[in-house]
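The next block holds one structure in the form of structure tokens; read it before the comments.
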Amino acid sequence: MNESLNDSDSSFSQPWIQSSDVNATLELSAFFSVFIINPWDIMLCISGTIIACENAIVVAIIFYTPSLRTPMFVLIGSLATADLLAGFGLILNFVFQYVIQSETINLITVGFLVASFTASVSSLLAITVDRYLSLYNALTYSSEKTILWLHLMLVVTWGVSICLGLLPVLGWNCLEDISSCSIVRPLTRSNVMLLSTSFFFIFILMLHLYIKICKIVCRHAHQIALQQHFLTASHYVATKKGVSTLAIILGTFGASWLPFAIYCVVGDHEYPSVYTYATLLPATYNSMINPIIYAYRNQEIQRSMWVLFCGCFHSKVSFRSRSPSDV
């Protein structure tokens with residue numbers, strides 16, 4: 001009798017053990033499914049880390065070098081600061097997305113990224129305006145009027161950027177109305193349309209200014225050649241180099257941001273998120289390329305980097321000082 005009971009107990013206990021194993025397996029699989037990390041988010045985080053490191057060096061060099069206080073370097077510092085904040089924003093977005101899941105923190109992080117990238121694009125426009133003024137008004141470029149323009153551009157750039165970044169936090173979001181969401185949640189479609197329209201305006205304005213810069217550079221090179229009574233080969237080489245540099249600057253900017261800006265207009269929140277990632281990731285590359293184009297190619301910054309990292313300066317290494325009008 002006892003043996004039969006024992007047998008019956010064992011027969012009932014075995015299925016119970018199997019069901020508990022199944023439940024444990026389900027809980028474990030659910031645990032890992034929650035912590036699956038999107039590869040696109042990893043790439044954005046890596047991009048943000050590189051951006052932050054590159055631009056932190058530029059900001060430190062300009063901040064600790066007293067000679068780099070001209071309008072050109074101040075605007076380059078503004079661009080590097082904006083890109084540095086954008087890099088930090090991408091890192092924080094990754095951390096908060098997988099560690100602290102909160103709608104409030106998500107709003108703050110998205111607003112921070114909007115403000116940073118807006119300041120970056122606006123700083124590029126300010127640098128373009130500065131280059132145009134340095135060529136168009138070469139004789140009066142170093143006057144107090146230029147300093148006034150510099151302060152005005154900085155105030156407008158960062159003021160507008162901060163205001164656009166605060167809009168999602170202050171209520172212009174789609175948390176309560178999912179149907180109004182854009183491809184970038186929690187931004188509304190109207191908010192993204194405003195940002196895209198602003199970008200298209202800035203891009204067209206930069207294109208117009210760079211065409212004018214190109215004409216001025218070609219005209220100046222031609223006048224110098226005529227003063228020497230003949231057109232030398234170096235004249236054509238210098239002109240071609242200047243035009244190529246302008247084409248690279250504008251082409252890099254357009255190739256990075258135009259796909260994402262266009263997709264913001266034509267895309268919908270119901271579309272697969274892979275399209276958003278595929279267009280947003282190249283846009284972040286612009287902040288990665290900016291310090292290479294605008295800072296590391298500059299001879300003064302190269303010299304400051306040499307002193308910063310080597311602790312010395314060898315006179316055998318020649319550095320040519322560049323003027324603000326160099327392109």
[X] and [Y]: which non-hydrogen atoms are nearest, and at how many Å?
| X | Y | result |
| --- | --- | --- |
| Tyr277 | Gln97 | OH-NE2, 4.5 Å |
| Leu187 | Asn191 | CD2-ND2, 3.7 Å |
| Asn286 | Trp257 | ND2-NE1, 3.5 Å |
| Leu92 | Thr109 | C-CG2, 4.4 Å |
| Leu209 | Thr128 | CB-CG2, 3.7 Å |
| Leu258 | Phe200 | CD2-CE2, 3.9 Å |

Are the side chains of [Y] and [X] in contact, using a 4.5 Å heavy-atom criterion?
| X | Y | value |
| --- | --- | --- |
| Trp40 | Thr276 | no |
| Trp172 | Ser190 | yes |
| Ile127 | Arg131 | yes |
| Leu280 | Val184 | no |
| Leu154 | Leu75 | yes |
| Val160 | Ser122 | no |
| Asn93 | Phe112 | no |
| Phe203 | Val121 | no |

Going from [atom1] on [X] to [atom2] on [Y], what distance comes out if it is rounded to the nearest 0.5 angstrom?
| X | Y | atom1 | atom2 | answer |
| --- | --- | --- | --- | --- |
| Ile76 | Ile301 | CD1 | CD1 | 5.0 Å |
| Thr188 | Asn173 | OG1 | CG | 8.0 Å |
| Phe73 | Asp130 | CZ | CG | 11.0 Å |

side-chain hydrogen bond (donor to acceptor under 3.5 Å, both in side chains) pairs, two or more places apart, involving residues 82-92: Asp83-Ser120, Asp83-Ser287, Asp83-Asn290
Under 3.5 Å donor-acceptor, Arg297 side chain and Pro291 backbone: no
Aromatic ring pairing Tyr263/Tyr271, orientation class (parallel under 30°, perpendicular over 60°, tilted between): tilted
Path from Leu113 to Ile108 over hydrophobic side-chain contacts below 4.5 Å: no
Worked check of side chain to side chain donor-acceptor pair (under 3.5 Å) between Ser78 and Ser123: CA-CA 6 Å; Ser78 173; Ser123 295; 3.1 Å; yes
